[in-house]
There are 2 protein chains.
Amino acid sequence: MATMTTQLDAVPHRNAGREKVVAAAIDLFAERGVSGTSLQMIADRLGVTKAAVYYHFKAKRDIVLAVVRPVIAELDAVIESAERERSQAVRTETLLAGLVDLMVSSRRLYAILEGDLAVGEILASDPGVSTLGERIVEVLLGPDPDPGQIVAAHIFLAGLKGIGQGITEGIADDDLRTHVLDCAHKLLRRRRRPLTRTTLP
Amino acid sequence: MATMTTQLDAVPHRNAGREKVVAAAIDLFAERGVSGTSLQMIADRLGVTKAAVYYHFKAKRDIVLAVVRPVIAELDAVIESAERERSQAVRTETLLAGLVDLMVSSRRLYAILEGDLAVGEILASDPGVSTLGERIVEVLLGPDPDPGQIVAAHIFLAGLKGIGQGITEGIADDDLRTHVLDCAHKLLRRRRRPLTRTTLP
DNA sequence: GTCTATAAGACGATAGAC
DNA sequence: GTCTATCGTCTTATAGAC
């Protein structure tokens with residue numbers, strides 16, 4: 001998971017200007033939201049003009065996609081690896097660990113991803129992305145979940161997003177991961193069997 | 001709680017135009033976010049011109065405040081009533097019940113309240129409002145909470161916000177309230193004593 | 001209370017010089 | 001790759017007639 005990087009940083013020094021734009025955009029998107037960030041602000045932060053930014057990206061939409069696509073790709077990989085598991089319990093556990101890992105390792109990007117309705121609109125026009133949320137819930141809960149589980153899942157997923165938004169900045173990555181996973185288990189633990197009777201007679 | 005209404009609807013028929021603007025604004029804010037909603041859209045939805053809207057509110061900021069202030073007031077009342085309790089357990093329980101109640105009874109407003117960074121910016125210039133979040137966490141967790149509790153609280157609060165955003169629309173108010181409160185207890189339940197030994201010897 | 005008309009500026013985006 | 005200069009559109013907001 002930590003070694004997955006997208007094509008972008010495979011070539012380290014080419015496209016330096018382009019990546020500077022992306023970096024500035026990430027800062028501003030996290031601070032002021034996507035709708036609240038203008039190309040002028042991005043240009044100002046880089047000490048260049050708007051036109052210079054437009055050399056690297058032909059539209060604002062493309063900047064948003066460049067910022068968000070890597071996380072989407074990782075998210076997709078996490079979901080897929082969970083979907084491949086055969087046991088429902090392992091599927092759930094794999095997905096939870098992957099989601100928490102992803103969120104902790106890129107808190108700000110995860111927050112940008114769901115922090116502005118404009119982002120959802122842009123992503124909605126991208127194929128396959130729109131089904132991501134549904135796949136997560138499906139893998140997380142399995143077939144025919146009860147309403148209580150659905151509510152718990154949505155609270156956890158929304159909470160995961162909220163954690164990224166600078167609320168718990170004082171906590172180290174490892175601690176955060178542990179605590180968040182702990183919350184996930186408290187919320188989503190399946191009904192326990194009367195007693196563990198897993199071994200066959 | 002359900003009978004608390006703010007000054008606005010105390011006078012039912014005066015200011016009908018003003019309230020129509022607020023109603024249209026709520027719809028649009030919930031659908032497209034505050035930043036994504038222009039005065040033109042509000043005017044169009046009402047079948048009037050922008051200037052007509054400006055007759056009722058002298059700035060967009062004031063529309064946002066008119067939409068959001070009632071929830072803020074209720075939120076403040078909930079926190080205050082919890083703060084008045086003497087036992088920490090009752091304080092927590094009162095706050096949780098109040099928050100969940102408020103969120104369920106006005107899902108869309110609650111979502112608008114925290115769904116757009118622009119709202120926070122507008123509210124930040126209002127006195128007293130900015131301390132609301134801190135007061136909630138303080139009442140919820142009591143003095144010197146451990147990191148695990150802090151994370152759990154933030155996940156729950158962020159999750160509560162997320163629930164308002166149309167994710168669980170198929171669930172009735174009463175069921176939603178029950179399930180969400182259940183989640184709160186799972187997440188925030190204090191360490192159990194070895195066994196219930198509440199009665200003195 | 002609602003209208004037309006318009007100001008003043010920010011926005012995303014483009015053309016063309018260097 | 002970055003610049004200046006500009007286009008057309010949208011925005012918030014105001015003035016004044018009806």
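A quick note: this is a predicted structure, and the numbers were derived from the prediction, not measured.
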Checklist outcome for this item: Sorted by number, residues from residues 48-60 of chain B placing a heavy atom under 4.0 Å from DNA chain C are B/V48, B/T49, B/A51, B/A52, B/Y55, B/H56

Next on the checklist: Quick test of your reading of the model: are A/D182 and A/K186 salt-bridged, counting only N-O distances below 4.0 Å?
Outcome noted: yes

Item to check | Whole-Å gap separating C1' (D/dC3) and CD (A/Q40) | outcome: 13 Å

Next on the checklist: When you measure from the side chain of A/T92 to the backbone of A/L140, do you find a donor-acceptor pair of N or O atoms at a distance under 3.5 Å?
Outcome noted: yes

Checklist entry - Is any side-chain N of the basic residue among A/E83 and A/R91 closer than 4.0 Å to the acidic one's carboxylate O? => result no

Next on the checklist: Has B/R108 got a side-chain atom pairing as donor or acceptor with B/A30's backbone, closer than 3.5 angstrom?
Outcome noted: no

Checklist entry - Roughly how many Å is it from CG in B/L39 to C1' in C/dC11, rounded to a whole number? => result 16 Å

Next on the checklist: Donor-acceptor pair, distance only, cut-off 3.5 Å: does the side chain of B/S38 make one with the backbone of B/M41?
Outcome noted: yes

Checklist entry - What's the CD1-P distance between A/I42 and D/dT2, to the nearest Å? => result 15 Å

Checklist outcome for this item: Atom CG of A/D44 and atom P of C/dA10 are separated, to the nearest Å, by 12 Å

Item to check | Lys/Arg N to Asp/Glu carboxylate O, B/E31 vs B/R45, below 4.0 Å | outcome: yes

